[in-house]
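Written below as structure tokens is the structure these notes are about.
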There are 2 protein chains.
Amino acid sequence: MKTKILVLEDDNSISQLICMNLEAAGFLTIPILDGLEAQAYLQTEQSKEISLALVDVMLPGKDGFSLMEDFQKVDIPVIYLTAKDDVISKVQGLKSGAEDYMVKPFEILELLVRIEKVLERTGRGREMIQIHDVSIHLKEHSVTKNGVPILLKPMEYELLVTLASNKNIALSREELLQRIWGTDFIGETRTVDVHIAQLRKKLDFHQVIRTVSKTGYRLEEL
Amino acid sequence: MKTKILVLEDDNSISQLICMNLEAAGFLTIPILDGLEAQAYLQTEQSKEISLALVDVMLPGKDGFSLMEDFQKVDIPVIYLTAKDDVISKVQGLKSGAEDYMVKPFEILELLVRIEKVLERTGRGREMIQIHDVSIHLKEHSVTKNGVPILLKPMEYELLVTLASNKNIALSREELLQRIWGTDFIGETRTVDVHIAQLRKKLDFHQVIRTVSKTGYRLEEL
DNA sequence: AGTAGCCTTACATTTACCTTAAATCTGCTA
DNA sequence: TAGCAGATTTAAGGTAAATGTAAGGCTACT
């Protein structure tokens, strides 16, 4: 079952942009445009299925910060979205119990990374990502192909998860290095190639992981 | 849906020139001639659909710099246009939160490049460019014709994207070389012809990519 | 010291691309 | 309209660059 994410953002175009991207990444989204409506929604039975909420701080009806306790009551982790990049509201946001904080305008890719981290950390992560005949069991940190366990080394696993969370998006070697190895990594970009080769071999993904010449790699599905 | 760009420029002829070119490039433009009017427009519901604003610094009503916070409030990235090329206002412009800065008189082509970059950076980038029956999937770095994948080599892809981002605008061989191959490229301009030929063949664009004799090429639509 | 994981290196293979050259087209002049 | 010159199209091949892959050695943990 798909992971549900509540998107509480009053700006309709931003809301749509976020939802579109989350849906593309395999989530199910519940867009809500104002604070009071959100508060009401949290009372309903459906709200139990929400795994995470993205909350704009500036909202009509009721502002994001004061909604925090409503979310805490039903145990939904929150990532704040805000245009303010001043330290004061940042501190206030995290202190008030948010799991993370994003300053607008932000990169969708960065948002996806943070979402995955929060879901992981709070144990609400997607349990599984499917690509063709292989399943990535995120909680178990394991991978199977047609039910048969495939042993991946840590880096290979991370690489696969990164590619799989960005299906059909071309990722450059630099991007992959930055996201998996960290910003501080100094070394050859060829390193990526070697790990890609391992994944292709172990999973028989020679066609699934496509090289985008002079650019990077893309995991294809559909 | 087409990307909407707000053009805030008091000189009517310049405004028209910019709008004409942006429309030709596939954007939808909202020309506004004075500062106060712009401020009012940002309060309206329609303004939510704006992806980017081009703002002249010298304006009647209210000047561009002081409008910055209005744009930030509704989270619209700004590129300043100005006749002043002195460092002081440049610094002031960027410091005040603009995404970029163009000094008049500027090349329309350069403006288009910067617009694309800002849209990309702020996550408002177009994901797809359509030309007749072919779709360029920018994130995937792939191209399909009637849904059928077409394999393009890196240079061909770049060339297509460049032409497609400048629909109906004739680009000279020199311009294409500079923009795709880089300023440091030393070699024949005939090189461009070869790649154009490949594109025409692979995409069946014999009529769509038109030769502008003694000048260069133009990708036509409508 | 042994082991597992990972980065690098080096070589093989594949892919991309610039050039060349011949064919074709275009527009001009007679 | 024929002929010509210059411009453009297109195919092909050599070379350069990018990628694939196996193997070795380094590092950190036992």
Side-chain angles (χ1 to χ4, degrees), chain A residues 141-143 149-163 170-220, chain B residues 136 140-143 149-163 170-220:
Chain A
H141 236 255
S142 71
V143 174
I150 305 284
L151 288 181
L152 294 186
K153 295 175 177 168
M155 280 299 182
E156 293 161 9
Y157 178 82
E158 290 298 329
L159 183 56
L160 177 63
V161 170
T162 304
L163 288 169
L171 297 169
S172 69
R173 294 180 174 71
E174 287 73 20
E175 252 165 7
L176 290 168
L177 279 174
Q178 201 171 59
R179 295 175 61 175
I180 300 169
W181 279 261
T183 48
D184 50 334
F185 179 83
I186 299 159
E188 295 297 317
T189 58
R190 302 303 315 280
T191 295
V192 176
D193 302 21
V194 175
H195 289 275
I196 289 283
Q198 291 294 7
L199 276 183
R200 292 215 251 232
K201 193 160 64 172
K202 289 190 178 179
L203 301 171
D204 191 23
F205 265 14
H206 304 278
Q207 303 307 315
V208 180
I209 299 178
R210 253 211 150 61
T211 46
V212 181
S213 192
K214 279 200 165 179
T215 304
Y217 299 93
R218 180 178 72 226
L219 190 148
E220 279 194 343
Chain B
I136 309 173
E140 297 184 19
H141 231 261
S142 70
V143 174
I150 306 284
L151 289 181
L152 294 187
K153 295 178 175 165
M155 282 299 181
E156 293 161 9
Y157 179 82
E158 292 297 331
L159 183 56
L160 177 63
V161 170
T162 304
L163 289 169
L171 296 170
S172 71
R173 295 180 173 72
E174 287 73 19
E175 255 165 4
L176 290 169
L177 279 174
Q178 200 171 59
R179 294 176 61 177
I180 300 169
W181 279 260
T183 47
D184 51 335
F185 179 82
I186 299 159
E188 296 295 318
T189 58
R190 316 267 75 233
T191 295
V192 176
D193 304 20
V194 175
H195 290 278
I196 290 282
Q198 290 294 15
L199 276 183
R200 293 214 251 232
K201 190 162 67 171
K202 288 191 178 179
L203 301 172
D204 192 22
F205 265 15
H206 304 279
Q207 303 308 315
V208 179
I209 299 178
R210 203 168 270 288
T211 306
V212 182
S213 193
K214 288 200 182 185
T215 305
Y217 298 93
R218 182 177 68 229
L219 191 149
E220 284 194 338

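In what follows, every chain begins at residue 1, and chains take the letters A, B, ... in the order their sequences are listed.
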- Using heavy atoms and a sub-4.0 Å distance, could you list which residues of residues 207-216 of chain B are near DNA chain C? By number, please. none

- Just compare D/dT10, D/dT21, C/dC6 and give me whichever is closest to any side-chain atom of A/P154. C/dC6

- Item | Least distance between heavy atoms, B/W181 atom then B/L176 atom | CE3-O, 3.7 Å

- Separation between NE2 of B/H206 and CG of B/L199, rounded to the nearest 0.5 Å: 11.0 Å

- For C/dC18, does either OP1 or OP2 sit under 4.0 Å from a side-chain N or O belonging to B/W181? yes

- Note on the structure: All heavy atoms of A/L171 vs all of A/R179, minimum pair found to be CD2-NH1, 4.0 Å

- To the nearest Å, how far apart are B/D193 CG and D/dT9 C1'? 8 Å

- For the pair made of CD in B/Q198 and P in D/dT8, what is the distance, rounded to whole Å? 18 Å

- Query: Which atoms form the tightest heavy-atom contact between B/I180 and B/E158, and what is the distance?
  - Reply: CG2-CB, 3.7 Å

- Quick one: is B/Y217 getting a side-chain N or O under 4.0 Å of the D/dT9 phosphate, OP1 or OP2? yes

- Whole-Å distance separating the OH atom of A/Y157 from the C1' atom of C/dC6: 19 Å

- Query: How long is the span from the CG atom in A/L163 to the CZ atom in A/R218, to the nearest 0.5 Å?
  - Reply: 11.5 Å

- Can you tell me if B/T215 uses its side chain to pair, donor with acceptor, with the backbone of B/S213 under 3.5 Å? yes

- Task: For A/I180 and C/dC6, give me the distance from atom CD1 to atom C1', rounded to whole Å.
- Result: 14 Å

- Task: Name the nucleic acid region contacted by A/R190, choosing base, sugar-phosphate or nothing; use a 4.0 angstrom heavy-atom cut-off, strictly under.
- Result: base

- Item | Phosphate OP1/OP2 of D/dT19: any A/R173 side-chain N/O under 4.0 Å | yes

- Inter-residue atom distance A/L152.CG - A/H195.NE2, 0.5 Å rounding: 12.0 Å

- Item | Integer-rounded Å distance: D/dT21 P and A/E188 CD | 19 Å

- For A/L199 and D/dT21, give me the distance from atom CG to atom C1', rounded to whole Å. 14 Å

- Where the side chain of A/R200 meets the backbone of A/I209, is there a donor-acceptor pair that is under 3.5 Å apart? yes

- Message: Expressed as a whole number of angstroms, how long is the span from B/H195:NE2 to C/dT20:P?
- Response: 15 Å

- Task: Could you tell me the separation between the NZ atom of A/K214 and the CE atom of B/M155, rounded to the nearest 0.5 Å?
- Result: 4.5 Å

- Take atom CZ of B/R200 and atom P of C/dC25, then tell me their distance rounded to the nearest Å. 13 Å

Any protein N or O atoms within reach of nucleotides 22-25 of chain D? Criterion: under 3.5 Å, listing atom names and distances.
residue, atom, partner, partner atom, Å
D/dA22, OP2, A/K201, NZ, 3.4

